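First comes the structure, then the notes that go with it.
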Amino acid sequence: MKEKKTEEARLPRHVAVIMDGNGRWAKKRLLPRSAGHKAGVKRMLSLVDQMFRRGVKYVTLYALSAENLARPQEELNELFSLLRAYFAENVQKLKAQEIRLSVIGNRSLLPTDIVQAIEAGERDTLNCGKGRLILAIAYGGRQEIVRAVNAAVAAGKQVTAEAFSALLNTAEIPDPDLMIRTGRETRISNFLLWQAAYTELYFSEKMFPEFSEKDLDAALRDYASRERRFGRVKE
Ligand code: FPP
């Protein structure tokens, strides 16, 4: 049976977001960068809600890149505080909404209490099946690929593309259909490099704190209008 082209069928199952522009949003308002990150978290909370309400099943957010860890300690401390507050205030809400929380990235680079909060959050929501929220924290796409290569080498095995995917942090998570980047930059910045091979990219001029629900709908409409061929010719 041919798939019906309903709105539902055109909705991305997995949306990944690069939440860029918090610092510039704050600077424009003569505020410290920390105010931009706070505004970013506020926007992130409602954006996640809006996506799951529309029927998106997987949402991956670039919360902190491995490269971001080289930022000044003061800014890092602020980002870590926001992460601590996020886990303390949101895990039970996600559980109530039946959303499973997962974290990808190199946790050994994070403070111990944050690693514990991540583990508790993942454990508490393990059986939630309505949707999945994936936070990329201390994450780098190249680093993830190198870890997987080393795992394959250590196992003494040659891999297929499928077997290699299973060695990544995102094993069992489908590749993103749509990747949104706010903040006017048009690059991927080491996010989901392997997984984004056929992802539709959408770049927004808006800084992340001002990326509104309307902007989300514009991105989803744009996605729905695209023809995905995965390298094949149209039937
Ligand atoms: C990029 O903006 C954004 C980040 C480095 C961090 C994004 C993080 C959050 C929104 C908050 C943390 C997440 C959670 C889950 C609590 P930028 O600072 O690079 O902005 P700029 O490019 O304008 O300087």
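As the structure lists them, so they are numbered: ligands from 1, and atoms in each ligand from 1. Since the structure is predicted, the reported quantities are computational estimates derived from the model, not experimental observations.
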### I173: hydrophobic cluster co-members (side-chain, 4.5 Å)
I18, Y58, Y62, I104, I134, Y139, I145, V149, V153, V159, F164, L167, L168, M179, I188, F191, L192, L193, W194, L201, F203

### Task
Please lay out, stage by stage, how E213 and R54 fare under the test salt bridge (charged side-chain N to carboxylate O under 4.0 Å, His left out).
CA-CA 11 Å; E213 187 162 9; R54 278 159 179 72; 2.8 Å; yes

What are the distances between nitrogen or oxygen atoms of ligand 1 and protein nitrogen or oxygen atoms, counting only those under 3.5 Å?
from     : atom 1 : to  : atom 2 : distance (Å)
ligand 1 : 18 (O) : R33 : NH2    : 2.8
ligand 1 : 18 (O) : R71 : NH1    : 3.0
ligand 1 : 19 (O) : D20 : OD1    : 3.4
ligand 1 : 19 (O) : R71 : NH2    : 2.8
ligand 1 : 20 (O) : G21 : N      : 3.4
ligand 1 : 20 (O) : N22 : N      : 3.2
ligand 1 : 20 (O) : G23 : N      : 3.0
ligand 1 : 22 (O) : D20 : OD1    : 3.0
ligand 1 : 22 (O) : R24 : NE     : 3.4
ligand 1 : 22 (O) : R24 : NH2    : 3.1
ligand 1 : 23 (O) : G23 : N      : 3.3
ligand 1 : 23 (O) : R24 : N      : 2.7
ligand 1 : 23 (O) : R24 : NE     : 2.8
ligand 1 : 24 (O) : R33 : NH1    : 3.1
ligand 1 : 24 (O) : R33 : NH2    : 3.2

### Message
Does anything in residues 92-130 form a ring pair (Phe, Tyr, Trp, His ring centres under 6.0 Å)? List the pairs, not counting sequence neighbours.
### Response
none

### Task
Could I get the full list of side-chain contact (heavy atoms from CB on, under 4.5 Å) partners for V41, not counting sequence neighbours?
L45, L82

#### Entry: Residues R221 and D217 bridged, charged N to O under 4.0 Å
no

### Query
Heavy atoms, side chains only, cut-off 4.5 Å: are K42 and P209 in contact?
no

